[in-house]
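If you read the sequence from its start, that first residue is 1, and numbering goes on from there.
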Amino acid sequence: MPERIMYVQLKTGHDLDAGPAWITRVRFTKSWKTAIFHGRTLARSAAFDANFVDVESRERYWVSGPKRDQTDARYRHGAPIVEDDVRDEYDAFLGGAALPGREHG
């Protein structure tokens with residue numbers, strides 16, 4: 001499974017993009033239509049405010065590549081939790097390095 005460092009935000013139950021967010025490692029199926037995040041299986045969604053939905057709980061998530069300028073959340077409701085296992089790679093990315101798996105775009 002391809003694996004990427006991503007920005008993930010919980011949308012369900014939170015107004016104006018104020019849900020908790022993480023910079024974390026996410027695994028994707030070969031088709032990129034399913035993501036595995038914190039043991040949850042997320043399927044692609046066409047919802048207005050989310051691009052993935054948890055197949056069990058039906059919670060909606062926004063999953064995207066992190067932005068170097070750290071403007072990942074639309075309304076800037078706090079900083080995401082940067083998980084320990086991605087911290088070094090994410091800090092290098094903020095300093096100008098490519099993220100693993102994104103060396104060529």
Side-chain angles (χ1 to χ4, degrees):
M1 283 187 145
E3 190 175 81
R4 295 278 171 86
I5 295 172
M6 304 294 286
Y7 172 83
V8 178
Q9 185 175 34
L10 176 62
K11 308 297 280 184
T12 300
H14 301 276
D15 293 330
L16 295 175
D17 292 342
W22 302 264
I23 300 293
T24 186
R25 206 170 300 279
V26 177
R27 292 182 299 144
F28 292 90
T29 59
K30 191 173 184 178
S31 68
W32 295 89
K33 292 182 180 180
T34 304
I36 308 298
F37 158 71
H38 287 181
R40 298 173 178 267
T41 300
L42 309 179
R44 287 257 180 214
S45 169
F48 170 71
D49 66 341
N51 59 358
F52 281 88
V53 63
D54 185 310
V55 298
E56 290 183 19
S57 70
R58 306 309 297 167
E59 290 178 316
R60 297 180 327 274
Y61 288 86
W62 182 259
V63 179
S64 67
K67 296 179 183 176
R68 197 167 270 124
D69 65 3
Q70 299 179 292
T71 59
D72 301 294
R74 289 189 297 183
Y75 301 109
R76 306 289 271 157
H77 287 289
I81 296 165
V82 179
E83 296 190 344
D84 290 340
D85 70 323
V86 302
R87 182 167 301 282
D88 291 342
E89 293 159 301
Y90 181 66
D91 287 346
F93 166 72
L94 294 178
L99 286 170
R102 300 288 246 169
E103 293 86 355
H104 305 290

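Note on Phe37 and Trp62: separate hydrophobic clusters, where clusters join Ile, Leu, Val, Met, Phe, Trp and Tyr whose side-chain heavy atoms are under 4.5 Å apart, directly or indirectly. Criterion: ILVMFWY side-chain heavy atoms under 4.5 Å apart, direct or through other members. Under it, Leu42 and Met6 are part of a common hydrophobic cluster. Residues Ile5 and Val8 do not share a hydrophobic cluster, clusters being chains of Ile/Leu/Val/Met/Phe/Trp/Tyr side chains in contact below 4.5 Å. A continuous path of ILVMFWY side-chain contacts below 4.5 Å connects Ile81 to Val63, so both sit in one hydrophobic cluster.
Under the 4.5 Å side-chain criterion, counting only non-hydrogen atoms from C-beta, Ser45 is not in contact with Arg60. Taking 4.5 Å as the limit, some side-chain heavy atom of Arg44 sits within range of a side-chain heavy atom of Phe52. Thr34 places a side-chain heavy atom less than 4.5 Å from the side chain of Thr41. Taking the side chain as every heavy atom from C-beta outward, Pro66 and Leu99 approach each other to under 4.5 Å. Residues Glu59 and Leu10 form a side-chain contact, since some pair of their non-hydrogen atoms from C-beta on lies under 4.5 Å apart.
Taking each heavy atom of Val82 and Arg87 in turn, the nearest pair found is O-NH2, 3.0 Å. Across Thr24 and His38, no two heavy atoms sit closer than the pair OG1-NE2, 3.9 Å. The minimum heavy-atom distance between Pro20 and His14, with the atom names listed, is CD-NE2, 3.5 Å. Nearest heavy atoms, Arg25 versus Val86: NH2-CG1, 3.5 Å. Residues Arg68 and Leu94 approach most closely at O-CD2, 3.4 Å, considering heavy atoms.
Between Asp54 atom CG and Thr12 atom OG1 the span is 9.0 Å, to the nearest 0.5 Å.
Between Tyr61 and Trp22, the ring planes are tilted. Angles from 30° to 60° get that label.
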Verdict with supporting geometry, Arg4 and Phe28, side-chain contact (heavy atoms from CB on, under 4.5 Å): CA-CA 8 Å; Arg4 295 278 171 86; Phe28 292 90; 4.3 Å; yes
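Of the possible donor and acceptor atoms, one in the side chain of Gln9 sits under 3.5 Å from a partner among the backbone N and O of Gly19.
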